[in-house]
Amino acid sequence: MKPLSYTQISLYQSCPLCYKLQYIDGLKPKDRWYFSFGNTMHTCAEHFFQVRVPPPPSLEELLRFYEQNWLSAGYESAEEEARYRAYGREILAKFWEIHTAAFRMPIAVERRFHIDIEEVKLTGYIDRVDKLDSGRLSIVDYKTDKELFTTEDLEKNLQLTLYQLAAEQIWQLPVERLTLYHFRSNTPCSCGPRGEAQLDKARHLVLEVADGITAGRFPAIENQYCPCDFPEHCPYYRQQYVDIMAEPKPIDILRGMGVDGAVEHYVSLQAQIKELQSQLDDVKQMIIDFCQAEGLNRVYGKEHAITYKMVEKAGFSQDEVRGLLEPDGLWNRVLSFDQSRLNQLITDETVAEDIRHKLKALKQVISAYPQLWVKRLVEEE
Ligand code: SF4
């Protein structure tokens with residue numbers, strides 16, 4: 001299996017099918033302005049810090065480099081590109097001012113790494129690694145995201161966790177600080193290093209993703225980025241993007257109806273059922289009220305009769321039963337097999353980790369049934 005990168009792992013996590021289309025089938029995603037912008041800014045930060053000896057490049061030299069390395073792909077118009085080009089210069093000038101004043105040679109810039117997590121190879125590039133006065137490491141990753149990062153973003157960020165794993169293995173020194181550098185505001189958002197439990201969780205995640213890929217598990221999972229650049233290959237979007245009705249079919253499943261007709265017919269029937277159900281509930285209540293008011297248990301129509309009865313459902317109070325059975329050791333015999341409690345157990349960190357992993361491995365599909373959900377497309381738009 002080829003080495004995995006953070007980007008691949010995170011794509012597999014959001015949608016395994018999208019991962020497959022991109023990294024196994026080799027489909028190319030579309031150019032996006034934010035990738036071009038991010039890459040240009042990364043290259044400039046790399047250029048600034050990658051000097052052999054101080055001082056770093058002058059502002060003029062850095063801006064010249066910026067212009068030479070500007071990537072134009074993905075912008076929707078010349079105006080949009082010009083706006084971002086000017087914006088990038090502004091950000092970079094501020095970056096130069098801050099980092100020239102406090103310039104320190106990093107120990108690595110855009111450092112490529114390959115590490116092994118058991119039998120899986122993990123690869124990537126760390127934007128910058130500094131050695132702090134304490135002798136420990138500081139990892140910096142540049143981001144051109146719009147919003148500033150919250151403490152929660154930092155604490156959950158998988159990329160930083162994987163980079164800590166890699167850096168500690170390469171330099172054999174502990175990491176003291178992890179930073180997502182918010183380029184747009186030139187703000188370093190930092191947190192302390194990951195503990196052993198979080199590092200271990202990340203290792204397991206890498207193994208889990210590798211396992212899914214090796215086993216050929218590539219289901220489509222809808223997520224916030226849908227539709228991706230390959231909707232014509234996705235079971236959720238294919239019908240919208242490809243004229244599947246034009247493809248020859250061995251049997252006419254829709255019995256001559258167009259798929260759009262079948263969808264609208266289904267929704268209309270559902271609405272009629274809902275309306276009828278509400279009328280039914282109304283008449284039922286009228287009959288119950290009438291029986292109760294007149295002290296009747298049966299009422300008659302011309303062709304039918306309806307019997308009214310209060311049905312009682314007997315059950316047990318859990319506390320009372322427990323109080324009775326527990327002293328005789330019988331309580332465990334009436335406890336049922338509760339799936340949701342098992343799911344809680346899997347995420348409960350007070351339970352031994354190997355038990356939780358073994359339990360998770362036992363999880364399997366025990367029943368599957370077709371179901372339909374309806375949503376109104378017009379409302380969504
Ligand atoms: S559109 Fe389909 S394939 Fe693409 S990310 Fe969404 S679910 Fe996955």
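Just so it is clear, the structure is predicted and the values come from calculations on it, not from any experiment. Counting convention: from 1, in listed order, for ligands and their atoms alike.
- Side-chain contact between F49 and F103 is present, with at least one heavy-atom pair separated by less than 4.5 Å.
- Within the sub-2.8 Å shell of atom 2 (Fe) of ligand 1, the protein contributes these N/O/S atoms: C234 SG.
- A donor atom on one side chain and an acceptor atom on the other are found under 3.5 Å apart for R298 and T307.
- Counting heavy atoms of neighbouring residues, nucleotides and ligands inside a 6.0 Å radius, atom CD of E147 does not exceed 12 of them.
- Judged by a 6.0 Å distance limit and a 45° cone about the ring axis, R111 is positioned over the six-membered ring of W171.
- Salt bridge K284/D281: absent, no basic N to carboxylate O contact under 4.0 Å.
- Remark: the Q13 side chain and the Y19 side chain contain no N/O donor-acceptor pair separated by less than 3.5 Å.
- Proximity to N223 (heavy-atom distance under 4.0 Å) selects the following atoms of ligand 1: 5 (S).
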